[in-house]
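To keep things clear, I will list the structure first and then write my remarks on it.
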Amino acid sequence: MDVNFAYTDAAPVLPVVFEQVWGEKPGGGLVANPTYDIKPSTAVGLDAGALKPIKAYRLVKAVAADDTTIEIAKGSGVAVGDKIAHGTLAVACTAADTTTNADKDVVTVTLGVVIANKTVLYQAAAASVAAVAEVKAGYYDAEAEDDGALLVVAADAGAGEVLLTTVQASYQGIKIIAADDYVTLVAEGVAGVAGVPATPIYTPLYLTGANVIVYAGKGDQAVKLVNGANVRKETVEAAPEVLALMSNINPV
């Protein structure tokens, strides 16, 4: 008979990330109510005064230019609507299968470029341009919060709006466009150049500390916050584009 017994799984074995740490925020800080388990060396930044993670999506298979899905390591927290970015290109994912495979997640997103296996992609603030190598001039799907987004209306277009008939005449998206959708007008160019270049969803300030895992569903979580370190580029839970914005974090 078990008396006052509660079973707790052993903490997962994590790869070495930090080669040397020489700077930490005194007392650490709080990551605001995370929705997924955050691994050590995850980049965090401020959102309305609260620290939140910048998701990192590590490829487990190389990406071809015409791929409509990517395969990433488990535990990234990927969710439908995430803007997945590489370089200056960011595209919203439309589906995420996190249950079929025990060793990977399959994410529906068309990035339109070749990317090597094991590359870490990052969570962007907004989609950049259409997910094709060459962008045709016209109207592309957008979300209300995207820069330059226009509300499609059936008549009497005002500021920040565009007529449905105007959109239909040069629509380059992938759905049947209708009133109350949002679009953005894109000039002809190369993906990742036309429109707004991708940037991380938050400006990275710290990496979560070497021996801390932040557990989802437990409210705000206290963490070590590292702002000066040498990190292993093969295992760090942040994309190169994110690390490049952190002057005292050096991938080695």
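- Looking at V109, T69, T108, T110 one by one, the single match for side chain to side chain contact (heavy atoms under 4.5 Å, CB included) with C93 turns out to be V109.
- Contact annotation: the side chain of V162 approaches that of V183 to within less than 4.5 Å [non-hydrogen atoms, C-beta and beyond].
- Formation of a donor-acceptor pair under 3.5 Å by the Q123 side chain with backbone atoms of K55 is found in this model.
- Using a 4.5 Å cut-off on side-chain heavy atoms (C-beta onward), L51 and L46 make contact.
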Check your understanding: Taking it one step at a time, do T88 and T199 satisfy side-chain contact (heavy atoms from CB on, under 4.5 Å)?
Key -> CA-CA 7 Å; T88 59; T199 57; over 6 Å; no

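- A donor-acceptor contact shorter than 3.5 Å links the side chain of D220 to the backbone of N33.
- In this structure the side chain of K52 reaches within 4.5 angstrom of the side chain of D47, judged on heavy atoms.
- Expressed to the nearest 0.5 Å, how far NZ of K25 lies from NZ of K224 amounts to 14.5 Å.
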Practice item. Would you check, one step at a time, whether the test side-chain contact (heavy atoms from CB on, under 4.5 Å) holds for V223 with Y206? Key: CA-CA 11 Å; V223 294; Y206 306 100; over 6 Å; no

Exercise for review: Go through I249 and L207 one step at a time and tell me if the side-chain contact (heavy atoms from CB on, under 4.5 Å) criterion holds.
Suggested key: CA-CA 9 Å; I249 302 295; L207 299 181; 3.8 Å; yes

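- Of all the heavy atoms in P34 and G219, the pair that sits closest is CD-O, 3.4 Å.
- Atom CD1 of I213 is separated from atom CD of Q221 by 11.0 Å, given to the nearest 0.5 angstrom.
- Put simply, V91 and I72 are part of the same group of oily side chains (I, L, V, M, F, W, Y) that touch within less than 4.5 Å, one to the next.
- Under the 4.5 Å side-chain heavy-atom criterion for ILVMFWY residues, a single connected hydrophobic cluster contains both Y57 and V113.
- Other residues, nucleotides and ligands place no more than 12 heavy atoms under 6.0 Å from the CG atom of D156.
- K74 places a side-chain N or O within donor-acceptor distance of the main-chain N or O of N101, the cut-off being under 3.5 Å.
- Put simply, CG on D180 and CG on L164 are 10.0 Å apart, with the number rounded to the nearest 0.5 Å.
- Under the 4.5 Å side-chain heavy-atom criterion for Ile, Leu, Val, Met, Phe, Trp and Tyr, Y182 and Y171 are members of distinct hydrophobic clusters.
- By the 4.5 Å heavy-atom criterion applied to side chains, T203 and L245 are not counted as neighbours.
- Looking at V107 and D97, their side chains never come closer than 4.5 Å, going by heavy atoms from C-beta outward.
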**Study point:** Test log, rule side-chain contact (heavy atoms from CB on, under 4.5 Å), inputs T119 and H86
**Key:** CA-CA 9 Å; T119 299; H86 175 65; 3.9 Å; yes

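- Nearest heavy atom pair, residue I54 against residue Y202, reads CD1-O, 3.1 Å.
- For T235 (side chain) and V16 (main-chain N/O), a donor-acceptor pair under 3.5 Å exists by modelled atom type.
- Using a 4.5 Å heavy-atom threshold, the side chains of I115 and L59 count as touching.
- Nearest heavy atom pair, residue V120 against residue V236, reads CG2-O, 4.4 Å.
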Review point. How far apart are the C-alpha atoms of E143 and K83, what are their side-chain angles, what is the distance that settles it, and do they pass the salt bridge (Lys or Arg N to Asp or Glu O under 4.0 Å) test?
Key: CA-CA 11 Å; E143 297 184 10; K83 313 306 188 297; 3.5 Å; yes

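- Listed here is the closest heavy atom pair of D105 and A73: OD2-O, 4.1 Å.
- When atom types are taken as modelled, the side chain of Q20 and the backbone of A229 share no donor-acceptor pair closer than 3.5 angstrom.
- A single hydrophobic cluster is not seen to contain both I177 and L163; linkage of ILVMFWY side chains at heavy-atom distances under 4.5 Å, directly or through other members, places them apart.
- Rounded to the nearest 0.5 angstrom, D181 CG and I176 CD1 are separated by 10.5 Å.
- Taking both residues in full, the closest heavy atoms of V60 and N117 are given as C-OD1, 2.8 Å, listed atom of the first, atom of the second, then distance.
- Contact annotation: the side chain of Q172 never approaches that of Y139 to less than 4.5 Å [non-hydrogen atoms, C-beta and beyond].
- For the pair Y215 and I38, the minimum side-chain heavy-atom distance is 4.5 Å or more.
- Side-chain N or O atoms of T208 include one that pairs as donor or acceptor with a backbone N or O of S41 at under 3.5 Å.
- More than 12 non-hydrogen atoms from other residues, nucleotides or ligands lie less than 6.0 angstrom from NZ of K175.
- No continuous path of ILVMFWY side-chain contacts below 4.5 Å connects Y122 to I84, so the two sit in separate hydrophobic clusters.
- L89 and L111 get closest at one heavy-atom pair: CD2-O, 2.8 Å.
- Using modelled atom types, no side-chain atom of S128 and backbone atom of P197 make a donor-acceptor pair closer than 3.5 Å.
- The CG atom of D37 sits 11.5 Å away from atom OG of S76, with the distance rounded to the nearest 0.5 Å.
- Distance CZ/R58 to CD/E234: 9.0 Å, rounded to 0.5 Å.
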